[in-house]
Chemist: 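Input: one structure, supplied below.
When a ligand or atom number is given, it counts from 1 through the structure's own listing order. All residue numbers in this chain count up from 1 along the given sequence. Since the structure is predicted, the reported quantities are computational estimates derived from the model, not experimental observations.
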Amino acid sequence: MMPLIVKALTPEAFAPYGDVLTAPAEAGRQYFEAGLGNLRPGAHASLSMVNRAPIDGLPLEVTLLERHEFSSQTFVPTDASRWLIIVCPHAPGGGPDAAQAIAFVASGGQGVTYRPNTWHHGLTVLDRPASFAVFMWRDGTQGDEEFVTVEPFTVAAPG
Ligand SMILES: NC(=O)N[C@@H](O)C(=O)O
Ligand code: NI
């Protein structure tokens, strides 16, 4: 597979997978609206503060994707430089369609909400260590998080 070239994160380009946030207040509203739309019995609100070291830079080889089938997932950078978002549609036979993956570079002023059941790469940070607030809904069952190994593909910077 040809390397996947990252593109700048814009609301329009990300729309099939969720929303781009530019103000933490948006995250709160979206989070509660989204969560109330798909609450499983026994689900509870989950807020975690995540610190993540940067990768060594691009290119990045992707081998693992994940989804939260029953919950949105919101990432609000609280102290971040650039970070990487990789998403892909569902394959007709189930699982992620990694061949259709799209990769974005977000600024430290941009957050995202993945819609429920969105295949995505785990939080990936560029440039320097970063901190995020992560909002989602969990019920403590396996449905909270599912990981899938994919045919490795490379995400690269333009040029
Ligand atoms: N913090 C956390 O849950 N992370 C993953 O779900 C992810 O998408 O990075
Ligand atoms: Ni996730």
Chemist: Please confirm whether the backbone N or O of His44 pairs with a side-chain atom of Arg138, one donor and one acceptor, at under 3.5 Å?
Modeler: no

Chemist: Nearest to atom 5 (C) of ligand 1, what protein heavy atom do you find, and at what distance?
Modeler: Glu66 OE2, 3.2 Å

Chemist: For atom 3 (O) of ligand 1, what is the closest protein heavy atom, and at what distance to 0.1 Å?
Modeler: Gln73 NE2, 3.3 Å

Chemist: Over 60° means perpendicular and under 30° means parallel, so tell me whether Phe104 and Phe14 are parallel, tilted or perpendicular.
Modeler: perpendicular

Chemist: Please identify which atoms of ligand 1 are closer than 4.0 Å to at least one heavy atom of Glu145.
Modeler: 3 (O), 5 (C), 6 (O)

Chemist: Contact between ligand 1 and Phe132 is defined here as a heavy atom of the residue under 4.0 Å from a ligand atom; is it met?
Modeler: no

Chemist: Measure the acute angle between the ring planes of Phe132 and Phe75, then classify it against the limits of 30° and 60° as parallel, tilted or perpendicular.
Modeler: perpendicular

Chemist: About how many Å separate CG of Leu4 and CD of Gln100, when rounded to the nearest 0.5 Å?
Modeler: 10.5 Å

Chemist: His120: which N/O/S atom is nearest the Ni ion (ligand 2)?
Modeler: NE2

Chemist: Got Leu65 and Phe147 here, is their nearest side-chain heavy-atom distance under 4.5 Å?
Modeler: no

Chemist: How many degrees, to 10°, between Glu66 OE2 and His68 NE2 as seen from the Ni ion (ligand 2)?
Modeler: 80°

Chemist: Looking only at heavy atoms, which two atoms of Pro89 and Tyr17 are closest? And how far apart?
Modeler: CD-OH, 3.2 Å

Chemist: Tell me the protein heavy atom at minimum distance from atom 1 (N) of ligand 1, and give that distance in Å.
Modeler: Val50 CG2, 3.9 Å

Chemist: I need the Asp144 CG to Met136 CE distance, nearest 0.5 Å.
Modeler: 5.5 Å

Chemist: Would Gln73 and His120 count as a side chain to side chain donor-acceptor pair (under 3.5 Å) if you check the C-alpha gap in whole Å, the side-chain angles of each, and the deciding distance to 0.1 Å?
Modeler: CA-CA 10 Å; Gln73 187 172 46; His120 59 283; 3.2 Å; yes

Chemist: Does the shortest distance from the Ni ion (ligand 2) to an N/O/S atom of Gln73 fall below 2.8 Å?
Modeler: yes

Chemist: Under a 4.0 angstrom heavy-atom cut-off, which atoms of ligand 1 come close to Arg138?
Modeler: 3 (O)

Chemist: Number the atoms of ligand 1 from 1 as they appear, then name those within less than 4.0 Å of a heavy atom of His120, with their elements.
Modeler: 8 (O)

Chemist: If the cut-off is 4.0 Å to any non-hydrogen atom of His68, which atoms of ligand 1 fall inside it?
Modeler: 6 (O)

Chemist: What atoms in ligand 1 come closer than 4.0 Å to a heavy atom of Leu123?
Modeler: 7 (C), 9 (O)

